[in-house]
Structure formats: C-alpha cells, structure tokens
Amino acid sequence: MTLDATEKARILMEALPYIKRYHGRTVVVKYGGAAMDDPALRASFASDIVLMRYVGMNPVVVHGGGQQISAQITRLGGTPSFVGGYRVTTAEDLEVVRMVLVGVINKDIVSLVNQHGTLAAGLSGEDGRLIVVRHKTHPEGDLGFVGEVERVNPGIVTDLLRDFIPVIASLGVDTEGQVHNVNADEVAAAVAESLGAEKLVYLTNVPGILDARGKTIEQLGADQAAELRASGAVGAGMIPKLSSALDAIKGGVPRVTILDGRLEHALLLEIFTDTGVGTMVTP
Ligand code: ADP
Ligand code: MG
C-alpha cells in the first residue's frame, strides 16, 4: 500500500487532537507479555515510547518479569512455586527477583530506549521509597516476600520526569525497609494514580479482556467486570490487571486500556489515532 501525500497528511493530522490532549500529561505504560520477548516488538515499543516523549508527553514505564524470574530460579536449581495462581517468593527467590528485575530487565529496557538518545533512566520501587507495601496474605497459604501497595511516594519519579523517561521495576519496601516482590499491574495502577496520569495502558499478550466465549470486550465497566469475574471467565494473569485497572479508574485515572502488545506499534495506534484496539475499562 502506497499512500499519496494527502493521505499521509491526513494520518498525521489525525494525531493532533491526541497530541494536544496528552501534551505535558503523564501516560503510564505497563510493559509485559509478548512485547517484552520478541525483538521486533521490543524495538517498536521503544520507538513508540520515544515518540510520545518527543511530542511532549511524559511516558512512564512499569515492568515485571515473571517468566524470566521463573526461568532463572529453575536455572539456579530451584523450583518456582505458586499458591492459588500467585507466585510464592522465598528469601532465596527474592534475591533472584531483584537480580532479574533490576539488574537485567530494567537495564535492558533502559538501553533499548536509549538507542534513540539520552532518554531513559531506571529505578525500582525501592528507590526513594517509591513503592511502600504491606505483606500480602492469601487464604490458601503464605506467599513469602510478596507485597501489596500501601502507598506511593512519587517524588523520585516526578523529579526524573523533568529530564527522563522513568522505567520502574515492580519491587516495593515495607515500613521496616524489607524488600518485597509486587505484581507489576498493581504497581502501574498505583503509580498512575499517584502521578495523576491522564492514561494507563497495559500491554499484554492477548487482544484485550476476553469474555466467556473468547471474544474481546471493547468496553468494560465495574458492574460488568464483577459479573465477568463471577462467571469465572477471568483467570490468573488477567485478575490483577482487571482489578488494578478498576482501582486506577476509581483513583481518578480517566483512561485505562488493556492492549494487545503482539501488534507492532499497538501503543502508537492507541495513543495517536482513532483506532481503538483492546479493552477500554470505564467507571
Ligand atoms: P502480562 O505479562 O501481560 O502481565 P499475564 O500472563 O500475567 O501477562 O496476563 C495475561 C494472561 O491472562 C493472558 O495471556 C491470558 O492467558 C490470561 N487470562 C485469563 N483470563 C483472561 C481473560 N478473561 N481475558 C484475557 N486474558 C485472560
Ligand atoms: Mg502479569
């Protein structure tokens, strides 16, 4: 397909209302799923984030890395364990979690973005006591060093945002300073809320939230979400995404989307065009 000049101009102009809406505003992107594994998708993600920054938005990236953590635990001779679908983090696991999230994944993302310039800086929820957590309890057993977000001290992120794209690894500290593993979806929502973000986007490896028949739900409100959960259609990885998406909406984030990160430039299309892809979560 070749576009003539008029068509190219039309497409560029389609972005104008979105550039205006988000100018100077914060957009939090939870980076996960396929977009994190595939080299072409990783590059397309990085360039989308860079474009957002250069047109005047304040993108903030939050990431986890469950798959890489499991792989590294196995490589070191351990066995990843789960209770009721939730990862258990033992004291030994915690060292691996920190190594993989902060030392490998976070720096990989920073380097990827910085191929475009001096743009990104990495940190974890430990830095500046960004993410303060309490011990997470689960009725089916102890999860070890897993936290749920109690409070966000966004100072370090707002400072960084003046000059950089912050890239945040999903760890937190309790009030005693003990580090905990935290679900990255929850961190993304809490960070978006504390920054007064204009938008929160979850990049994942499905077309959006799927209903019981496997069809993508275009828009989902709190009532419908409760029904969907009760029907059993929401499984493991989508549970924290859906509940933190609803928390973010309740906490004042006006736009929350769950997006298919397997599509090249999914983020670009979502932010700059009228093409709605994925599931929009509404109040
Ligand atoms: P991420 O890295 O994006 O956090 P997860 O594996 O944690 O990825 O979460 C996404 C996964 O949630 C999907 O791959 C899918 O298997 C699962 N899932 C469970 N229920 C649903 C649902 N109703 N709609 C979409 N995905 C779902
Ligand atoms: Mg997940």
Side-chain angles (χ1 to χ4, degrees), residues 28-38 41-42 44-45 48-49 61-73 80 82-89 97 100-101 104-106 108-109 125 131 136 138 143 146-149 167-172 180-192 200-248 256-263 266-267 270 277-281:
V28 175
V29 181
K30 154 68 199 308
Y31 183 45
M36 219 159 142
D37 306 323
D38 179 84
L41 293 174
R42 286 159 48 83
S44 113
F45 164 79
D48 291 359
I49 291 284
V61 178
V62 176
H63 68 89
Q67 277 182 23
Q68 289 93 321
I69 291 166
S70 290
Q72 189 64 22
I73 290 173
F82 295 87
V83 165
Y86 285 87
R87 171 184 299 279
V88 174
T89 304
V97 169
V100 172
L101 286 185
V104 181
I105 301 178
N106 189 271
D108 276 351
I109 301 170
I131 306 293
K136 195 184 188 93
H138 193 280
L143 300 175
V146 175
E148 56 188 22
V149 181
V167 178
I168 303 169
S170 61
L171 291 164
H180 283 68
N181 193 5
V182 194
N183 181 280
D185 299 335
E186 290 175 27
V187 172
V191 166
L200 166 63
V201 181
Y202 290 98
L203 271 181
T204 185
N205 52 3
V206 277
I209 301 177
L210 309 176
D211 66 16
R213 284 168 301 154
K215 201 173 154 288
T216 308
I217 302 167
E218 280 179 22
Q219 269 196 32
L220 187 68
D223 291 351
Q224 244 181 311
E227 264 173 50
L228 192 71
R229 265 189 290 209
S231 79
V234 185
M238 197 46 70
I239 293 172
K241 243 181 271 300
L242 180 54
S243 61
S244 59
L246 292 167
D247 286 348
V256 183
T257 315
I258 293 162
L259 210 60
D260 196 343
R262 297 169 307 177
L263 303 172
L267 195 54
E270 170 62 25
V277 279
T279 301
M280 195 170 98
V281 181

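Order of appearance sets the numbers: ligands from 1, and atoms from 1 within every ligand. Start at 1 with the first residue, then count along the sequence.
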Criterion side chain to side chain contact (heavy atoms under 4.5 Å, CB included) on Ile239 and Tyr86, from CA distance to verdict
CA-CA 10 Å; Ile239 293 172; Tyr86 285 87; 4.2 Å; yes
Could you tell me whether ligand 1 has any atom less than 4.0 Å away from a heavy atom of [X]?
X	value
Lys241	yes
Lys30	yes
Pro240	no

In terms of residue, atom name and distance, what is the protein heavy atom nearest to [atom]?
atom	answer
atom 20 (N) of ligand 1	Gly235 N, 2.8 Å
atom 6 (O) of ligand 1	Gly237 CA, 4.3 Å
atom 23 (N) of ligand 1	Ala233 O, 2.7 Å
atom 14 (O) of ligand 1	Asn205 OD1, 2.9 Å
atom 17 (C) of ligand 1	Met238 N, 4.2 Å

Residue pairs passing the salt bridge (Lys or Arg N to Asp or Glu O under 4.0 Å) test where at least one lies in residues 229-238, sequence neighbours excluded
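Listed once each, the pairs would be none.
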For [X], counting its heavy atoms only, list the atoms of ligand 1 lying under 4.0 Å from any of them.
X	answer
Gly208	24 (N), 25 (C)
Val234	20 (N), 23 (N)
Leu210	22 (C), 23 (N), 24 (N), 25 (C)
Gly33	1 (P), 2 (O), 3 (O)
Thr204	1 (P), 3 (O), 8 (O), 10 (C)

Under 3.5 Å: N/O of [X] near N/O of ligand 1:
X	answer
Val206	no
Ala236	no
Ile209	no

Considering all heavy atoms, the nearest [X]-[Y] contact:
X	Y	result
Gly65	Met36	CA-CE, 4.2 Å
Leu259	Ala266	CD2-O, 3.6 Å
Ala245	Tyr202	N-OH, 3.7 Å

Is there a side-chain contact between Val104 and Gln68 (heavy atoms, below 4.5 Å)?
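Side-chain contact under 4.5 Å: no.
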Can you find a pair of side-chain heavy atoms, one from Val146 and one from His138, that are under 4.5 Å apart?
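No, too far: nothing below the 4.5 Å cut-off.
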Would Asp260 and Thr216 count as a side chain to side chain contact (heavy atoms under 4.5 Å, CB included) here? Give the steps.
CA-CA 11 Å; Asp260 196 343; Thr216 308; over 6 Å; no
Once salt bridge (Lys or Arg N to Asp or Glu O under 4.0 Å) is applied, do any residues pair with Arg87, and if so which ones, sequence neighbours excluded?
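Arg87: no salt bridge (Lys or Arg N to Asp or Glu O under 4.0 Å) contacts found.
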Among Ile131, Val182, Asn106, Val97, whose side-chain contact (heavy atoms from CB on, under 4.5 Å) with Leu171 holds?
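Passing option: Val97.
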